[in-house]
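What follows is a short report on a single structure.
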Amino acid sequence: MKAAVYAVDCDGRWKVWITLDMRVDSLWWSGTGQEHEGWNSGAADKLVLLSPSLPLGWAVKLRESFQSIQTMQEWKEEDWAQYIAEVLSIELREEREKGGQWDKGWIYEGISICPPFREGSFQFSQSSRGEARPEWIAEDRASDLVRGHSELEHGWKESEATKQTVSMKVESAREHTNLHSKAMVQADYAEEGIGQLTLGAEADQLGKALAGRSLLQPEAEALLAEVLPELAGYWRAAAQLAHLQGRLRLEAAVRAPALRRAGPGWAARLLQAAALRLPRRGAATARRAQMRCLRCGSAATGRTACAACGLAGCAYCEACLALGRSRACALLLRSAASPAVQCTAGASPTVAARRWGLSAAQAGAAGAALGFLAEPRQRSAAKSPERFLLWAVTGAGKTEITFPLLDAVLAAGGRALVATPRRDVVLELAPRLARAFPAETLAVLYGGSADRWSDGRITLATTHQLLRFHQSFDLVILDEVDAFPFHNDSMLAYAAEHASKPRGSFIYLSATPPKELQHLARSGKLPHARVPVRFHGHPLPVPRHLEMAPVQQCLKRGFLPRALLEALRRSFTRQAQIFLFVSRIAHIEGILTLLRRNFPGTAIEGTSSQDPARAEKVAAFRSRIVSLLVTTTILERGVTVPRSDVFILDADSGLFDEAALVQMAGRAGRSKDDPAGTVVFASPQWTRSQRGAISQIRTMNTIARRQGYLSISKPHRRK
């Protein structure tokens, strides 16, 4: 899209603004809206229209690189044009190289220096294409001073503007002129059913609807169509007022990092060089800083010709295309952040344990996290959220540990987010959170969710949904930080970071934190608490090794090793539900054939991420209709099935790292009625990942025993 951009002088200080509706800006800066709440109480001294129709990305760059200097009071049109050409020199050069037809000519054509407001009132009307047309209005409209522009040709090149100067004599006082211009602007709005008073209320409604959001224009329009359909025809006017009020930020979805703002000395040298026709240094040979997507943080690698803004090379982001095209001329609406709430110290671990039914280990970790939430936030320059790690073994009841934390933030009047990488886990957690907080509104977000635009005091979402939030939550709880797709995905890490308020709190939940988080925790640089034991107080089952040939070789031979079949038979005898993990989807059907041949009459199924009946098969496994489920790592976490045993074939595969092995092993022994399930690592050889996984499990058991959390002195071993 294109947008109008202008500079305004208030009490000797200049600032550049982008606008979606110049009529709103006219009322704002003329001071005629001061009797209505939410409108500007004072008039601007001077206004310079820099361009009525500029590619949005360029307009944002002008705004972000601008710095006020005193000499701007005396600048003429050519001075402003030279300034714009210098700031956009790289973009102009790139357009020339790509054969685009934007050149310096349109810069001079687009600038209008408006007289002080005390000599008249400045109003903007808009053409059918959205081009702003400035008009000066006195008491006699026939004597308006008009500086117009012709329609755009082919969507990207302005023809030479028609310039006509009409002498104008101002006979009325400032108050009379303001009232007169106000009436005319309101007449324009009246044709669309907009009133100045109602516009303030509608800007307030829009600001609340977009609170904490980061949405591209089509997404914002979809939200408003659902929650504020009455704004559908003129949401831009309400959005512009909210922007002027500081409640809404208008951004280009893709842009380079903000330039270091030019100082007065630079501007003076620029104008001197222009007067003497001296070559400018640096700008002509400068390279554009890397363009990045503001929604997902990824580098914008693509560039195409764009009909929306007229550029021959409009940058776009390929990383988040699934959520809608983010490009340099796409409007991104972001709400301003409200201050983060400060939690109190909260209840003691004993009280928390009694209220939420927590074990001693759970209550101790919750107490440490509550103390972290109550600590004063650091006043760092980065203003990033403070972080805390809850390092809890699989089956420790991490979700229940978060209940006191959520309660503390809600009691302080804040909002909380629980994010997890997978939709399956979201659907499992939703009813548990609803039961724990029945009086609170809960928004459940995932692809295709009916709650897409719902606002909840508690939001439960997949991590991809965080791309639509910006500085929204006082507390962000990120579950399974080591899991796919969050792990090693910088886009999702960026989204999670920006979902939290700058002074908010960020809590990681994991049974197998990434190595960097473990290092920070051990070195004392990351506040953390460990939960080394499950809620039932029994030690974690320690995996044992079973030597067997690779699965592929077994499939070629057409039989499974006797040792594996005997181990499986023991599990069937004790009526255990068996998870049998394989490293590749292609192995599932062959393994199923061999298992069904060896265990006829036993309900055995297989599933993977490509299985359309996956949900039904998992449900049947949970309800004990299916006794053995062959699966991939899609079920390595977030699934609890009582009385379970775990077999991992090809445990030496490079696809199974230490964290994955710990998580898969963690499916066993989760029930208090069967706390010592069997875990088998089956492979032809030991690997560092297998040894590391067993070492991690044993270490947690040792810590739990040392801290007195185990209900028995030694871990039970199955024969």
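Quick caveat: nothing in here was measured; it's all calculated off a predicted structure. In this chain, numbering begins with 1 at the start of the sequence shown.
One finds the CG atom of Asp611 at 8.0 Å from the CD1 atom of Ile588 (value rounded to the nearest 0.5 Å). How far OH of Tyr494 is from CG of Leu467: 9.5 Å, rounded to the nearest 0.5 Å. The structure places CG of Leu427 at 8.5 Å from CG of Leu460, a figure rounded to the nearest 0.5 Å. Within the model, atoms CG of Leu323 and CE of Met491 stand 7.0 Å from one another, a figure rounded to the nearest 0.5 Å. Distance check: Ser510 OG to Trp391 CH2 gives 9.0 Å after rounding to the nearest 0.5 Å. From Lys398, atom NZ reaches atom CG of Leu390 across 9.5 Å, with rounding to the nearest 0.5 Å.
In this structure, a donor-acceptor pair under 3.5 Å is present between the side chains of Gln690 and Thr687. In this structure, a donor-acceptor pair under 3.5 Å is absent between the side chains of Ser644 and Arg670. In this model, no donor atom of one side chain and acceptor atom of the other lie less than 3.5 Å apart for Arg584 and Thr632. There is a side-chain donor-acceptor pair under 3.5 Å between Asp645 and Ser571. Checked by atom type, the side-chain pair Thr441/Arg457 shows no donor-acceptor distance below 3.5 Å.
Of all heavy-atom pairs between Asp650 and Pro550, the closest is OD1-CA, 3.4 Å. Across every non-hydrogen atom of Gln696 and Ala511, the tightest pair is OE1-O, 3.4 Å. Minimum heavy-atom separation, Arg325 to Arg327: CD-NH1, 3.4 Å. Residue Val444 comes nearest to Ala430 through the heavy atom pair CG2-CB, 4.0 Å, listed as atom of the first residue, atom of the second, then distance. Residues Leu560 and Cys554 share a closest heavy-atom pair of CD2-CB, 4.3 Å. The heavy-atom pair separating Leu370 from Pro404 by the smallest distance is CD2-O, 3.6 Å.
Asp652 places a side-chain heavy atom less than 4.5 Å from the side chain of Pro684. At least one side-chain heavy atom of Leu215 sits under 4.5 Å from a side-chain heavy atom of Arg468. The side-chain heavy atoms of Leu389 and Leu520, taken from C-beta on, include no pair separated by under 4.5 Å. Using a 4.5 Å heavy-atom cutoff, the side chains of Leu442 and Phe437 are not in contact. In this structure, the side chains of Leu405 and Ile507 come closer than 4.5 Å at one or more pairs of heavy atoms. Proximity of Leu478 to Thr463: side-chain heavy atoms (C-beta onward) are separated by under 4.5 Å at one or more points. The closest side-chain heavy-atom distance from Leu649 to Met548 is below 4.5 Å. Using a 4.5 Å heavy-atom threshold, the side chains of Cys317 and Cys296 count as touching.
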Chi angles and distances behind the side-chain contact (heavy atoms from CB on, under 4.5 Å) call for Phe572, Ser627: CA-CA 8 Å; Phe572 283 130; Ser627 298; 4.0 Å; yes
Intermediate values then yes/no, side chain to side chain donor-acceptor pair (under 3.5 Å), Arg534 and Thr394: CA-CA 7 Å; Arg534 287 173 169 168; Thr394 57; 3.1 Å; yes
Check against side-chain contact (heavy atoms from CB on, under 4.5 Å), Leu417 and Leu466: CA-CA 9 Å; Leu417 166 72; Leu466 305 190; 3.4 Å; yes
Steps toward side-chain contact (heavy atoms from CB on, under 4.5 Å) verdict (Phe656, Met664): CA-CA 10 Å; Phe656 294 151; Met664 288 185 285; 3.7 Å; yes
Leu546 and Phe681: CA distance, side-chain angles, deciding distance, side-chain contact (heavy atoms from CB on, under 4.5 Å) verdict: CA-CA 6 Å; Leu546 187 154; Phe681 287 172; over 6 Å; no
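Between the side chain of Gln362 and the backbone N or O of Ala396, at least one donor-acceptor pair lies under 3.5 Å. Checking side-chain atoms of Arg667 against main-chain N and O of Val641 turns up no donor-acceptor pair under 3.5 Å. Not one N or O on the side chain of Ser695 forms a donor-acceptor pair closer than 3.5 Å with the backbone of Arg691. Distance alone, capped at 3.5 Å, is enough to place a donor-acceptor pair between the Gln577 side chain and the Phe621 backbone. Judged purely by atom type and a 3.5 angstrom limit, His545 uses its side chain to pair as donor or acceptor with the backbone of Ser683. Judged purely by atom type and a 3.5 angstrom limit, Asp451 has no side-chain atom pairing as donor or acceptor with the backbone of Leu445. The main-chain N or O of Thr512 is never found under 3.5 Å from a side-chain atom of Glu480 such that the two would form a donor-acceptor pair. In this structure a side-chain-to-backbone donor-acceptor pair under 3.5 Å is missing from Arg415 to Thr459. Side chain of Ser500 to backbone of Glu497: no donor-acceptor contact under 3.5 angstrom is found.
Considering Ile648, Val680, Val679, Val646 as possible partners of Pro543, the one that fulfils the side chain to side chain contact (heavy atoms under 4.5 Å, CB included) test is Val679. Exactly one residue among Arg334, Glu219, Arg295, Gln471 makes a side chain to side chain donor-acceptor pair (under 3.5 Å) with Ser214. That residue is Arg334.
The pair Lys515-Glu658 meets the salt-bridge criterion, since a charged nitrogen lies less than 4.0 angstrom from a carboxylate oxygen. The pair Arg213-Asp455 counts as a salt bridge, with a side-chain nitrogen and a carboxylate oxygen less than 4.0 angstrom apart. Between Arg614 and Glu605 there is no salt bridge, since none of the side-chain N atoms of the basic residue sits less than 4.0 Å from a carboxylate O of the acidic one. Salt-bridge annotation for Arg574 and Asp674: present, with a side-chain N of the basic residue lying under 4.0 Å from a carboxylate O of the acidic one.
More than 12 heavy atoms of other residues, nucleotides or ligands shown are found within 6.0 angstrom of CD on Glu566. Within a 6.0 Å radius of CD in Glu547, other residues, nucleotides and ligands contribute 12 heavy atoms or fewer.
Taking the six-membered ring where tryptophan is involved, the planes of Trp356 and Phe403 are tilted, since the angle between them lies from 30° to 60°.
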